[in-house]
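Below, all heavy atoms of this structure are taken into account, side chains as well, without hydrogens, waters or symmetry copies. Start at 1 with the first residue, then count along the sequence.
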Amino acid sequence: MMNPCLHNRSDPTHEHLLHRLYALQQQFLHISPESMHQVATEFNLPVSQVASVVAFYSFFHTQPCGRFHILFSNCTSCGYLEDGQNLMQMLCQQLQITPGKTRKDGLVSIDETSCIGMCDQGASLLINGVPVTRLNPDKIAQIAHLITAETALAYWPKAWFAVNDVVHKRSLLLTAHFLAGSALQKALIHGTDETLATVMQSDLCGRGGAGFNTGEKWQLCREASGNAHYVVCNADEGEPGTFKDRFLLRSQADAMFEGMTLCAFVTGAEKGFVYLRGEYRYLLPHLHSVLNQRRQQGLLGQHILGHATFNFDIEIVVGAGAYICGEESALIESLEGKPGIPRIRPPFPVTHGYLGQPTVINNVETLIAAAHIILQDGAWFRAIGTEKSAGSKILSVSGDCRLPGIYEYPFGVSIQQVLDDCGAQNVQAVQIGGPSGTLVGRTDFNCRTCFEDLSTAGSFLVFGQQRNLLAINRNFARFFAHESCGFCTPCRVGTQLLKNNLDKIADGRGTSQDLVEIKQLSHLLQRHSHCGLGHTAANHILDSLQRFPQTFEANLKQHFTASFDLDKALENARQITQRNDAAAHLD
């Protein structure tokens, strides 16, 4: 039975709750209390649940946004700081607007957001959900002019919206040719048992970083009892510095959908979902086009390829700005029309997933690899990589390098090899796997990217000698404090305290005691947080303290200073009273 939290049962299109809320926001530029009551009635939900969903996702707003709503990425690679210039501040000045506010005439609103997956495209922003990349002061001035003239986006330079994927190195998956339906035809000939055996033989492990064996996951779901089985593709790559799925969704959508269909064939699922991150909403027309073509080819829907009992179809659900929904149980909560708060595990999704039924959740790269493996064979895939890490890994390389972009290597490639290939010189550090991953220095550049050494979901951030690692840690700490779902106290409070302590040190007011407190907070987060976000939120800080202690020590004061800046706290009062004279300051 369809969960009423998910779909409007009176609507024949079965609109998802997130999509209905998005449509209302597009219509009214915000979601009002009246709209929430309307949606609650349509979906037969408590108003409190609809309100909690609106409050949870950062792309939903209860106050009107501008007709031109701009979100600057604040990522270390695609952020709005370009050659020392603050591009967001520049645009705000030219449009006479305050960040985080909507201009009084309702024309424009400007704010910042977490990484939008454009790390190889230079400073970037989203305007009404569409990316504009390679920002510079000239383009900012032109954007200001177009907005002032109220020029519709359809008449802006088309080249601005082009996202050019650059693949610098191809290995197993990106060199293999894939014809839609070819792996399915082979699977239907061999049957479910042999198809599963092929995946098991390949030793394919999940490409999301955790590395759980894919064949084992499919088998556990297949054997689990339930009223229905489901397949979910996690396309919510939100780790700063990661953009490989952006490329794969554009170039390998057929293989991804085929991988989902193969999983359905093995597990007996009849329904699948792609959970697409809100920042990639602009890819929807392309993905729907591929899905429709597959239905026309008999690769989706009823009686796939003429097989009497093989029925499976796929729906795309678009998120609304929540990094935590990349965690599989939070993703399921979001699919069910709720705030994306991670579940307590066990039970795991393979037995109690979507709607409490057995569910396989794999990410984009894993499903693409599975399709290629069925088409070729398990030995083909197992022939490259390392003893414990079969196959290849696709990396998103960005930061201080001459050739940012997509790189695919057999598992086991060294960090130094990647740095040589991407034209990175005089490198100070590399962040592997994003802020939640591992920060390594020059002495560790011989380490290998594989599950037995340095595991990564694909992010590869390069930092040159000119980079201020304290500023980078500060940026990462802000990210985790912003993205915490708020469910558990260790993460909700701990990430905020870590951010505050790093702010204090970066502002030159920290002491050695603050470092002691940072370490204690970091270990508390690791041990007591509810989910993986909290467990890994302090990784970048602990790595920096171990490998780059001078990053923090150089900014410390010898004597204690209060972490609370009273004069700074009075800034709101000065703005309200419109005073900035000496008597309005404590100094």
Side-chain angles (χ1 to χ4, degrees), residues 171-174 176 183 195-223 231-237 239 242 244-245 248 252 255-256 258-260 262-263 266-267 326-329 331 345-346 348-351 353 358-396 407-414 418 432-434 436-438 447-460 532 535-536:
S171 183
L172 205 62
L173 300 182
L174 301 185
T195 300
L196 177 60
T198 301
V199 178
M200 297 285 277
Q201 178 196 17
S202 72
D203 203 19
L204 170 66
C205 292
R207 268 36 184 170
F212 192 85
N213 186 277
T214 302
E216 185 178 344
K217 180 181 285 191
W218 290 16
Q219 184 176 38
L220 288 170
C221 181
R222 181 192 196 192
E223 294 172 350
V231 178
V232 176
C233 173
N234 183 348
D236 190 47
E237 66 168 2
E239 195 74 45
T242 311
K244 65 181 180 63
D245 286 0
L248 293 173
Q252 302 268 333
M256 178 188 74
E258 191 131 338
M260 293 179 69
L262 289 162
C263 180
V266 168
T267 60
E327 195 275 341
E328 62 180 15
S329 67
L331 185 156
R345 298 182 298 174
F348 294 97
V350 286
T351 59
T359 304
V360 168
I361 304 177
N362 287 134
N363 73 0
V364 174
E365 185 180 351
T366 306
L367 289 162
I368 290 171
H372 283 283
I373 287 166
I374 300 302
L375 181 60
Q376 305 292 336
D377 59 47
W380 166 82
F381 190 79
R382 194 65 193 85
I384 73 166
T386 68
E387 181 182 354
K388 297 181 180 179
S389 306
S392 63
K393 184 74 191 79
I394 300 174
L395 301 177
S396 311
Y407 291 75
E408 184 189 17
Y409 293 96
F411 263 125
V413 65
S414 70
V418 179
I432 306 294
S436 64
T438 306
C447 290
R448 301 177 301 155
T449 56
C450 53
F451 294 115
E452 59 265 44
D453 198 347
L454 279 178
S455 178
T456 174
S459 174
F460 197 97
H535 295 158
T536 60

Nearest heavy-atom approach of C450 to G412 is CB-N, 4.1 Å

How long is the gap from CD on E328 to CG on N234, to the nearest 0.5 Å? 8.5 Å

Excluding sequence neighbours, so at least two apart, what forms ring pair (Phe, Tyr, Trp, His ring centres under 6.0 Å) with Y409? none

Calculate, to the nearest 0.5 Å, the distance between atoms OG1 and NZ belonging to T359 and K217 respectively. 11.0 Å

Going by salt bridge (charged side-chain N to carboxylate O under 4.0 Å, His left out), name the residues that satisfy it together with E237, two or more places apart in sequence or in a different chain. none

I394 side, atom CD1; L174 side, atom CG - distance, nearest 0.5 Å: 4.5 Å

How long is the span from the SG atom in C263 to the CG atom in N362, to the nearest 0.5 Å? 6.0 Å

Shortest non-hydrogen separation from G259 to W218 and the atoms involved: O-CH2, 4.1 Å

Between the main-chain N or O of G532 and the side-chain N or O of T536, is there a donor-acceptor pair closer than 3.5 Å? yes

For residues 197-212, run the donor-acceptor check on the side chains, cut-off 3.5 Å, and write out each pair with its distance to 0.1 Å, sequence neighbours left out.
from, atom 1, to, atom 2, distance (Å)
T198, OG1, E194, O, 2.9
S202, OG, V199, O, 2.6
S202, OG, L204, N, 3.2
D203, OD1, N213, ND2, 3.1
R207, NH1, C205, O, 2.8
R207, NH2, A390, O, 2.8
R207, NH2, S392, O, 3.0

According to side chain to side chain contact (heavy atoms under 4.5 Å, CB included), who are the partners of P358, at least two apart in sequence or on a separate chain? C221, A224, H229

Residues forming a ring pair (Phe, Tyr, Trp, His ring centres under 6.0 Å) with Y407, sequence neighbours excluded: H168

State which residues pass ring pair (Phe, Tyr, Trp, His ring centres under 6.0 Å) with F451; sequence neighbours excluded, sorted by chain then number. F411

In short, salt bridge (Lys or Arg N to Asp or Glu O under 4.0 Å) pairs touching residues 358-375 with sequence neighbours left out are K244-E365, E365-K393

With sequence neighbours excluded, tell me which residues meet side-chain hydrogen bond (donor to acceptor under 3.5 Å, both in side chains) with E216. none

Would you please name every residue forming a salt bridge (charged side-chain N to carboxylate O under 4.0 Å, His left out) with R448, sequence neighbours left out? none

Yes or no on side chain to side chain contact (heavy atoms under 4.5 Å, CB included) for L454 and T456, after CA distance, side-chain angles and deciding distance? CA-CA 6 Å; L454 279 178; T456 174; over 6 Å; no

From L220 atom CG to F348 atom CZ, the distance as rounded to the nearest 0.5 Å: 10.5 Å

For residues 372-380, tabulate all N or O donor-acceptor pairs below 3.5 Å that involve a side-chain atom, not counting sequence neighbours.
from, atom 1, to, atom 2, distance (Å)
D377, OD1, A379, N, 3.0
D377, OD1, W380, N, 2.6

So, using side-chain hydrogen bond (donor to acceptor under 3.5 Å, both in side chains) as the criterion, who are the partners of T366 when residues are at least two apart? N363

Residue set satisfying side-chain hydrogen bond (donor to acceptor under 3.5 Å, both in side chains) with S459, at least two apart, ordered chain then number -> none

Considering non-hydrogen atoms only, spot the tightest contact between A371 and A255 and give its length. CB-O, 3.4 Å

Working to the nearest 0.5 Å, report the span between SG of C233 and CG of L331. 9.5 Å

Which is it for S389 and E452 under the side chain to side chain contact (heavy atoms under 4.5 Å, CB included) test, yes or no, and what are the steps along the way? CA-CA 7 Å; S389 306; E452 59 265 44; 2.6 Å; yes

Please answer whether the main-chain N or O of I368 pairs with a side-chain N or O of Q252 as donor and acceptor at a distance below 3.5 Å. no

